[in-house]
Amino acid sequence: QVQLVESGGGSVQAGGSLKLSCAASGFDSSIYCMGWFRQTPGKEREAVATIPRRGGRPYYVDSVKGRFTISQDSAKNTVYLQTNSLNPEDTAMYYCAAGPPRAYLQCGAIAAEYLYWGQGTQVTVSS
């Protein structure tokens with residue numbers, strides 16, 4: 001059974017940084033993509049960054065490009081999201097997700113394309 005456990009969230013001031021971690025277990029060969037999503041009350045879950053498990057070009061939503069970096073440690077089955085230059089608009093619950101590819105060697109950026117989810121970790125940025 002696939003399990004995803006996030007950690008690393010917290011409260012920071014604007015301009016600060018956090019490194020989120022997602023420890024994964026129980027994967028089979030159908031899991032090709034890993035992603036970080038975020039959600040605030042009343043809004044849809046938004047893809048922040050995604051990456052193929054076997055390596056490849058990551059995807060970033062425009063609002064985090066140049067500030068966030070997704071990476072992975074295959075030996076530890078862990079995916080990370082380094083968040084820098086945080087601003088209050090980044091405040092959200094951040095979720096780790098895993099799923100099959102959208103197309104050949106391509107990862108999707110829509111929540112419905114991901115099968116497995118962690119419980120979430122809260123990031124709060126104050127001005």
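One is the number of the first residue; the rest follow in order along the sequence.
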Any side-chain hydrogen bond (donor to acceptor under 3.5 Å, both in side chains) pairs touching residues 51-62, not counting sequence neighbours?
-> D62-K65
Output every pair passing side-chain hydrogen bond (donor to acceptor under 3.5 Å, both in side chains) with a member in residues 11-21, not counting sequence neighbours, ordered by first then second residue.
-> S17-N84
Partners meeting side-chain hydrogen bond (donor to acceptor under 3.5 Å, both in side chains) with T124 (sequence neighbours left out) = Q122
Please list all pairs passing the salt bridge (charged side-chain N to carboxylate O under 4.0 Å, His left out) test where one or both residues lie in residues 67-84, with sequence neighbours left out.
-> R67-D90
Residue pairs fulfilling salt bridge (charged side-chain N to carboxylate O under 4.0 Å, His left out) with at least one residue in residues 114-127, sequence neighbours excluded = none
Sequence neighbours excluded, which residues qualify as salt bridge (charged side-chain N to carboxylate O under 4.0 Å, His left out) partners of R45?
-> none
For S71, enumerate each residue passing the side-chain contact (heavy atoms from CB on, under 4.5 Å) test, keeping only those at least two apart in sequence or located in another chain.
-> Y80
side-chain hydrogen bond (donor to acceptor under 3.5 Å, both in side chains) pairs, two or more places apart, involving residues 103-117 = R102-E113
Side chain to side chain contact (heavy atoms under 4.5 Å, CB included) between T50 and M34: does it pass, once the steps are laid out?
-> CA-CA 6 Å; T50 67; M34 299 295 297; over 6 Å; no
Sort and list the pairs that fulfil disulfide (SG to SG under 2.5 Å) and have at least one residue in residues 26-78, not counting sequence neighbours.
-> C33-C107
Partner set under side-chain contact (heavy atoms from CB on, under 4.5 Å) for V123, not counting sequence neighbours | L18, L20, Y94, V125
Can you sort out the partners of E46 under salt bridge (charged side-chain N to carboxylate O under 4.0 Å, His left out), two or more places apart, ordered by chain and number?
-> R38
Salt bridge (charged side-chain N to carboxylate O under 4.0 Å, His left out) pairs, two or more places apart, involving residues 1-14 | none
